[in-house]
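The figures that follow rest on heavy atoms only: side chains count, while hydrogens, waters and symmetry mates do not.
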Amino acid sequence: MSALIATNIHKAFGDHEVLKGVSLAVERGEVVTLIGASGSGKSTFLRCLNLLEMPQQGELAIGAHQFAFGKGVRAAGDAQLALLRRSVGMVFQHFNLFPHMSVLANVTEGPVQVKGMAQNEANELGRDLLAKVGLADKADAFPSRLSGGQKQRVAIARALAMKPEVMLFDEPTSALDPELVGEVLSVIRSLASEGMTMVLVTHEMAFAADVSTRVGFMNDGIMTEIGTPEETIRQPRSERLKSFLSRFHETH
Amino acid sequence: MYVWEFAALKPYWGLIWQGLLVTVFYTVITVAAGLLVGLIVGILRTTAPRWVSVPLRLYIEIFRCTPLLVQLVWMYYALPVLIGVDMSPAMACFIALSLYAGSFYAEIFRGGIEAVDIGQWEAGRAIGMRRGKIFRRIVLPQATQVMIPSFINQTIMQLKNTSLVSVVAVGDLLYQGSVITATSYKPLEVYTTIAVLYFVVLFPLTLVADRVELRMGAHR
């Protein structure tokens with residue numbers, strides 16, 4: 001059963017067409033990684049999946065939530081969007097933790113403010129999730145006291161606190177010092193092994209090959225290849241993907 | 001060599017005290033009203049469509065770019081003629097001071113709100129929060145931290161600016177000072193005393209401001 005179906009997504013910023021009709025169906029429990037050069041549209045596509053970016057054309061179905069975009073289609077309102085995003089977690093490149101709240105409060109903000117969960121119940125949930133990402137002892141710290149890797153793990157816990165059906169990761173390790181990448185990837189890996197449905201944008205090719213059920217390659221606003229990691233990364237078909245991968249291996 | 005005679009002011013302490021109360025009172029109510037105006041205008045300037053935000057910009061610039069003294073006199077003499085309503089000096093002063101403060105506060109609020117990283121809005125949206133809630137719980141608390149120094153600064157100026165109400169004969173500290181000068185012939189003592197009183201009220205405020213700023217910055 002599909003957890004997420006995006007169909008023919010188009011997005012332009014002014015005259016610049018970033019997505020030229022991208023489709024993707026993700027099965028429950030699948031981990032799909034999107035790779036591609038910067039500017040290929042992979043992050044924009046990811047941001048279209050929880051409608052942080054509004055597609056100009058196309059359709060999106062996640063769980064019971066269905067959206068259509070295009071001329072003459074009424075745009076979804078704030079309330080509808082908020083409802084969708086309850087069931088889609090997102091982790092950002094730059095963490096975007098709330099700096100004025102403690103680590104625990106960051107995690108409980110969603111359950112309490114959006115779902116109306118009681119604070120003590122949320123605190124319990126929050127502590128469990130912090131333990132799960134290995135930060136039980138940081139519950140009362142403020143984000144400014146954490147390393148990048150710790151911040152990103154808090155951000156993951158914050159997204160998980162909403163008990164999402166799908167998790168989106170937008171280059172979760174790109175802003176981290178190299179020695180901190182591992183701790184974040186291992187949290188993502190353990191989520192994958194628990195069967196969490198995920199879509200990732202990453203430059204960690206080895207990790208992608210290892211953790212993904214499918215890897216998609218985006219080039220110039222189009223998903224040109226998608227298949228198992230074996231197919232996409234080890235046996236690239238198009239010249240574009242071959243040269244992307246070889247350039248990638250040279251620099252990493 | 002001038003011989004200071006502060007003792008000569010003794011009979012007038014009641015008046016001075018009264019004037020000080022009026023000054024503080026005007027500061028408190030016009031800061032409160034100005035904050036309300038500033039918060040609303042500041043928010044609308046960042047979020048509302050152009051047909052709302054452009055007129056608000058006009059309001060802000062008119063009040064920021066004309067002297068407060070002119071605004072006070074205009075509110076008292078010109079506005080009543082234009083709208084055909086009699087206005088007491090006290091009312092005219094309240095309106096002018098509040099709108100004046102509001103125009104500056106609005107810019108402080110706007111600056112503070114815009115200084116909050118866009119990623120904070122996105123993080124709020126990503127966990128399913130709606131606009132109003134993100135603004136109240138995520139953006140405004142952070143904007144406030146950025147705003148505090150400018151806010152205190154503006155409030156200190158506001159207290160000093162209330163001295164201009166004396167031109168339309170509202171009995172603030174400065175007005176009482178000029179009355180007392182006229183009868184006591186002791187301008188040096190009177191104005192020195194008044195300056196000291198302004199200082200005594202405002203200086204502790206700056207100390208409080210420093211502490212608040214320090215405390216609120218603790219999490220950064």
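Among the candidates A:Ala155, A:Ala82, A:Gly89, A:Ala159, the residue making the largest number of heavy-atom pairs closer than 4.5 Å to chain B is A:Ala82. Annotation: maximal heavy-atom pairing with chain B below 4.5 Å, among A:Gln113, A:Met162, A:His94, A:Lys115, occurs at A:Gln113. For chain B, the option among A:Leu83, A:Val91, A:Leu168, A:Leu97 with the highest count of heavy-atom pairs below 4.5 Å is A:Leu97. Ranking A:Glu109, A:Met90, A:Arg47, A:Met101 against chain B, the residue ahead of the rest is A:Glu109, based on heavy-atom pairs under 4.5 Å.
Here the side chain of A:His100 pairs a donor or acceptor atom with the backbone of B:Arg137 at under 3.5 angstrom. Between the side chain of A:Lys42 and the backbone N or O of A:Gly36, at least one donor-acceptor pair lies under 3.5 Å. Using modelled atom types, no side-chain atom of A:Gln152 and backbone atom of A:Thr173 make a donor-acceptor pair closer than 3.5 Å. B:Tyr59 places a side-chain N or O within 3.5 Å of a backbone atom of B:Leu99 that can act as its donor or acceptor partner. Between the B:Asn161 side chain and the B:Leu68 main chain, no donor and acceptor come within less than 3.5 Å of each other.
A:Asn50 touches chain B through its side chain: at least one heavy atom from C-beta onward sits under 4.5 Å away, while N, CA, C and O do not. The part of A:Leu51 that comes within reach of chain B is its backbone (N, CA, C, O), which places non-hydrogen atoms under 4.5 angstrom from that chain. Neither the backbone nor the side chain of A:Ala161 comes within contact range of chain B; no heavy atoms are under 4.5 Å apart. For A:Leu84, no part lies under 4.5 angstrom from a heavy atom of chain B. When heavy atoms are compared at a cutoff of 4.5 Å, A:Phe98 approaches chain B by way of both its backbone and its side chain.
Aromatic rings of B:Phe151 and B:Tyr105 (six-membered ring for Trp) have centroids within the 6.0 Å cut-off, being under it.
With contacts defined as side-chain heavy-atom distances shorter than 4.5 Å, the pair B:Ile29/B:Phe94 qualifies.
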